[in-house]
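Some notes on the structure that comes next.
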Amino acid sequence: MFDVLIIGGGVSGMSCALVLGSAKNKKFASDKKIGIFSHQKASSLQDALFNNAYGIPAGKLGSELLSESIEHLNQTYPHITQIQNEKALRIEGEINNFTVVTNKNSYKTKAIVIGIGSANTFDIEGLMQFVEPHKKALPEKQRIQLKNDDHKVTEGIYVIGTLAGWRSQLAIAAGSGAAVATDILTLWNGGTQTHAHDSIR
C-alpha cells in the first residue's frame with residue numbers, strides 16, 4: 001500500500017516527487033511510501049528548449065531535463081519507488097483505498113496525484129467524468145483539464161500541471177507539483193501547515 005502514487009514523470013510529477021522526498025526526515029513523513037510512474041515518452045518536454053526558465057541554464061534541452069530528473073530523484077531520494085514503462089489505465093476505489101491498474105500491474109494507494117499533460121488523448125478510466133475543456137489553452141489545440149478545486153479533483157485525488165488547468169510553462173508546472181506536495185505534507189502533519197526546505201545552516 002502506497003501512501004501516495006504520482007502518475008506522470010514530467011515537470012509537475014517530478015517536482016511533486018522531489019518535494020515529498022525531501023521531507024523524509026520529518027517525523028510525519030519518515031514512514032510514508034511514495035511512488036511515481038516515471039513514464040515520460042509523451043511528455044511535451046521531449047521537444048522543448050529552455051532559455052527563459054528560472055534556475056535552468058539557457059539552451060537546456062527538455063529531453064536532458066527528463067533524464068536528469070529521473071537520476072536526481074533516484075540519487076537524492078532513493079526511498080521513492082520509480083515505476084517505469086507502465087501506463088495507468090484505470091483507477092478504482094476511494095480515498096485511503098485506491099487501486100491503480102496499469103498495462104502490466106495493479107497498485108494499492110491511499111492517495112493519487114495525476115500529472116500527465118493536457119492532451120485530449122487522456123483516457124484513464126475512472127477519471128473521465130472530470131474531463132473538461134482547458135480554460136487557459138487555445139480552443140483549436142483541443143486541450144483538456146480535470147475539474148478541480150485548488151488541485152483537488154475529489155477526496156484523495158489531486159491533479160497537477162497543465163492537466164490542472166495551468167498554462168504550459170515549466171515554472172508554472174513545477175510550482176503546481178510542489179504546491180500539491182506541500183498540501184499532502186500538511187495532511188500527513190495532521191493539518192498543520194508545512195513545507196520542505198533545505199538550508200546550509
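This is a predicted model, so every value here is computed, not measured.
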What distance separates [X] [atom1] from [Y] [atom2], expressed to the nearest 0.5 Å?
X	Y	atom1	atom2	value
Glu125	Glu92	CD	CD	7.5 Å
Leu146	His134	CG	NE2	10.0 Å
Gln82	Ile80	CD	CD1	8.0 Å
Leu127	Ile112	CG	CD1	7.0 Å
Asn103	Lys87	CG	NZ	8.0 Å
Ile144	Thr162	CD1	OG1	8.5 Å

- State plainly whether one hydrophobic cluster holds both Met1 and Ile95, where clusters connect Ile, Leu, Val, Met, Phe, Trp and Tyr through side-chain heavy atoms under 4.5 angstrom apart. no
- Task: With sequence neighbours excluded, give me every ring-ring contact (aromatic ring centres under 6.0 Å, His included) pair touching residues 60-97.
- Result: none
- Message: Enumerate the ring-ring contact (aromatic ring centres under 6.0 Å, His included) contacts for residues 81-106, please, sequence neighbours excluded, ordered by first and then second residue.
- Response: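 Output for this query is empty, none listed.
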- With a 4.5 Å limit on heavy-atom distance, are the side chains of Phe130 and Val159 in contact?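 No, too far: nothing below the 4.5 Å cut-off.
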- Item | With Leu49 via side-chain contact (heavy atoms from CB on, under 4.5 Å) - residues at least two apart |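 For Leu49 the side-chain contact (heavy atoms from CB on, under 4.5 Å) partners, ignoring immediate neighbours, are Asn51, Leu61.
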Would you give me the side-chain donor-acceptor pairs under 3.5 Å for residues 7-34, sequence neighbours excluded?
| residue | atom | partner | partner atom | Å |
| --- | --- | --- | --- | --- |
| Ser15 | OG | Ala174 | O | 2.7 |
| Ser22 | OG | Val19 | O | 2.8 |
| Ser30 | OG | Lys27 | O | 3.2 |

- Query: Tell me, which pairs form a side chain to side chain donor-acceptor pair (under 3.5 Å) where one or both residues lie in residues 93-102, sequence neighbours left out?
  - Reply: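 Listed by first then second residue: Glu86-Thr102, Thr99-Lys108.
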- According to the interplanar angle, ranging from 0 to 90°, do the rings of Tyr107 and Phe37 count as parallel (below 30°), tilted (30 to 60°) or perpendicular (above 60°)?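 Tyr107 and Phe37: perpendicular rings.
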Please report, to 0.1 Å, the donor-acceptor pairs under 3.5 Å made by any side chain of residues 184-195, with sequence neighbours excluded.
| residue | atom | partner | partner atom | Å |
| --- | --- | --- | --- | --- |
| Thr186 | OG1 | Thr182 | O | 2.9 |
| Thr186 | OG1 | Thr194 | N | 3.2 |
| Asn189 | ND2 | Thr192 | O | 3.2 |

